[in-house]
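Report on the structure given below.
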Amino acid sequence: MRKSIVAALVAGMSLTLAACGGGTATTTPAPGGADTTAAAPADAGTLTVWVDETRIDAFTELGADFQATSGVSLDLVQKPTGDIKTDFIAQAPTGEGPDLIVTAHDATGDLVSNGVVAPVELGNVIDGLSDASKAAFTWDGQLYGVPYAIENIGLVRNNALVQDTPATFDELVTQGKGAGTQFPIVIQQGDGGDAYHLYPLQTSFGAPVFTSSNGEYTTELGMEGPEGQAFATYLRKLADEGALNANIGGDQAKQAFLDGQSPYIVTGPWWTSDFVDAGLDITVLPIPSAGGQPSAPFLGVQGVYLSSHSENALLANQFLDYMTSEDAQTKLYELGGRTPANTAAAEAIDDPIIAGFAEAGADGEPMPAIPEMAAVWNFWGATEVSIINGQAADPAAAWQEMNNNIKAAF
């Protein structure tokens with residue numbers, strides 16, 4: 001599924017960067033045996049970049065590397081994660097915004113609708129990025145950002161408790177119940193529910209949140225009908241078997257797994273370092289199918305957007321070209337621990353945990369970035385909780401009512 005960037009394109013990119021400011025100083029033989037030293041890149045300008053508190057350290061290091069090769073410096077402005085999109089939409093048209101922002105792909109719909117981001121033209125180097133990561137930043141057939149990292153949930157197994165995970169989710173639950181632990185598996189929920197962590201099971205029933213056309217989400221719900229209702233009924237079955245509990249939120253799920261109270265947990269890479277630090281021997285696997293179709297988790301993709309109001313578009317596009325490279329994305333992987341969007345960089349990962357998450361997300365789809373998604377979450381999670389805790393006497397009817405409420409909110 002993955003493709004590598006052909007050598008000619010990589011070489012072409014390197015030549016482009018060299019032409020814009022060179023690399024580090026090098027010594028080359030001159031005629032007659034004399035040496036000449038290439039000059040370090042001159043100051044070529046500055047780009048203002050907004051980045052959140054979780055990524056500013058990584059982009060500080062990346063910016064130093066980019067400046068060394070191009071002469072272009074990054075003026076990094078730290079912004080709270082929740083403020084980047086809204087502040088950018090407000091400030092970009094006034095000329096007070098940055099040249100570039102670093103944020104998740106699910107901002108794409110709002111950013112494009114408000115006219116604050118420009119399309120990205122990368123030529124053939126874009127072929128080096130995974131199809132899913134490009135789809136995440138595509139709107140109406142046009143790419144609006146450069147993806148650099150992908151994250152998703154998977155199945156994490158405690159190898160001291162079970163081995164040889166079964167092929168289906170029902171078999172997994174049976175295995176977990178025989179492991180002698182309090183829970184056969186833990187999947188975080190909580191008072192408001194957590195549809196994100198249940199979504200791979202839902203997609204295995206053929207009930208995606210929205211339908212797709214030409215690789216992009218439509219505004220038509222895909223979880224109506226018998227497929228979605230079958231999933232709703234299955235949720236109640238899992239609750240009856242002790243595999244789902246509405247009282248187990250994120251912290252409780254994490255602690256239960258740390259304490260050896262469950263052989264499995266559905267989670268993402270954000271907790272695995274804690275598991276390893278606690279001495280657990282873990283393996284990350286794809287989530288087995290419950291409904292017969294592949295389990296497809298949501299993919300969260302991080303990337304860089306170009307302001308449509310930037311006065312430094314040429315320099316900004318030079319940085320965006322650099323962001324597609326294997327070197328840049330490998331460095332961000334090493335600093336951030338997320339699967340690179342660059343396929344060559346992703347294939348070179350030797351960390352079995354990160355590689356496991358990449359495999360778990362092989363059938364995944366980007367989380368919808370369309371504005372209608374905002375109307376889905378509350379109804380979705382609340383309905384699932386009502387089914388899990390038994391408040392919804394008829395899961396299928398509750399599921400259809402949820403869909404009706406979501407459509408009314410559109």
Side-chain angles (χ1 to χ4, degrees), residues 1-24 55 58-59 61-70 72 74 100 102 104-105 120-138 143-152 154 215 268-269 272 284 286 296-297 299-306 316-366:
M1 183 174 73
R2 293 171 171 158
K3 299 181 291 183
S4 297
I5 306 177
V6 289
L9 293 179
V10 175
M13 186 190 308
S14 299
L15 291 172
T16 299
L17 291 176
C20 294
T24 55
R55 300 171 182 85
F59 272 81
E61 291 199 33
L62 189 74
D65 287 355
F66 179 63
Q67 184 175 11
T69 60
S70 68
V72 179
L74 302 185
L100 302 156
V102 181
H105 81 275
V120 173
E121 301 291 346
L122 297 173
N124 289 336
V125 296
I126 197 175
D127 292 341
L129 302 175
S130 72
D131 291 340
S133 70
K134 289 181 288 190
F137 284 87
T138 297
L143 189 70
Y144 278 93
V146 173
Y148 71 85
I150 305 169
E151 67 180 11
N152 53 268
T272 48
V284 179
L299 303 180
V301 188
Q302 301 294 323
V304 183
Y305 294 93
L306 169 63
N317 276 292
Q318 185 179 337
F319 179 68
L320 293 177
D321 280 344
Y322 170 70
M323 281 293 302
T324 68
S325 70
E326 182 178 351
D327 286 347
Q329 298 214 4
T330 296
K331 187 173 189 68
L332 286 171
Y333 155 69
E334 292 170 347
L335 295 169
R338 298 295 186 267
T339 303
N342 178 286
T343 54
E347 288 168 354
I349 291 176
D350 57 6
D351 182 326
I353 292 176
I354 298 301
F357 278 114
E359 183 63 26
D363 291 312
E365 297 289 342

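When a residue number appears, it is its place in the shown sequence, counting from 1.
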What is the minimum heavy-atom distance between Ala360 and Gly154, and which atoms define it?
-> CB-CA, 3.9 Å
Tell me, with the steps shown, if Leu74 and Leu62 meet side chain to side chain contact (heavy atoms under 4.5 Å, CB included).
-> CA-CA 9 Å; Leu74 302 185; Leu62 189 74; 5.9 Å; no
Check Tyr333 against Pro340 and note the closest heavy-atom contact, atom names and distance.
-> CB-CG, 3.8 Å
Of all heavy-atom pairs between Ala149 and Arg338, which one has the smallest distance, and what is that distance?
-> CB-CB, 3.9 Å
Scanning both residues in full, the closest heavy-atom pair of Ser325 with Asn342 reads C-ND2, 3.7 Å
Between CG of Asp321 and OG of Ser70, what distance do you get to the nearest 0.5 Å?
-> 11.5 Å
Does Phe137 have any ring pair (Phe, Tyr, Trp, His ring centres under 6.0 Å) partners at least two apart in sequence or in another chain, and if so, which?
-> Tyr305
State, yes or no, whether a side-chain contact exists between Pro147 and His105 at a heavy-atom distance under 4.5 Å.
-> no
Aromatic rings Phe66 and Phe319: how do their planes relate, parallel, tilted or perpendicular, breaks at 30° and 60°?
-> perpendicular
Would you say the side-chain atoms of Asn152 pair up with the backbone N or O of Phe357, donor to acceptor, closer than 3.5 Å?
-> yes
Interatomic distance, Leu306 atom CG to Leu100 atom CG [nearest 0.5 angstrom] | 6.0 Å
Gap separating the OH atom of Tyr322 from the CG atom of Asp327, nearest 0.5 angstrom | 7.0 Å
Salt bridge (charged side-chain N to carboxylate O under 4.0 Å, His left out) with Asp351: which residues, sequence neighbours excluded?
-> none
Side chain to side chain contact (heavy atoms under 4.5 Å, CB included) evaluation trace for Thr339 with Ile354 | CA-CA 7 Å; Thr339 303; Ile354 298 301; 3.7 Å; yes
Could you walk me through whether Arg55 and Leu332 pass side chain to side chain contact (heavy atoms under 4.5 Å, CB included), step by step?
-> CA-CA 9 Å; Arg55 300 171 182 85; Leu332 286 171; over 6 Å; no
Roughly how far apart are Leu299 CG and Glu365 CD, rounded to 0.5 Å?
-> 7.0 Å
Do Gln329 side-chain atoms and Met323 backbone N/O form a donor-acceptor pair below 3.5 Å?
-> yes
Thr272 side chain to Pro269 main-chain N or O, any donor-acceptor pair under 3.5 Å?
-> yes
Spacing of Leu320 atom CG and Ile126 atom CD1 [to the nearest 0.5 Å] = 11.0 Å
In terms of heavy-atom contacts, Ala345 and Thr330 come closest through CB-OG1, 3.4 Å
Mind checking what makes salt bridge (charged side-chain N to carboxylate O under 4.0 Å, His left out) contact with Glu61, not counting sequence neighbours?
-> Lys331
Could you give me the CA-CA distance, side-chain angles and deciding distance for Asn317 and Glu121, then say whether side chain to side chain contact (heavy atoms under 4.5 Å, CB included) is met?
-> CA-CA 8 Å; Asn317 276 292; Glu121 301 291 346; 5.8 Å; no
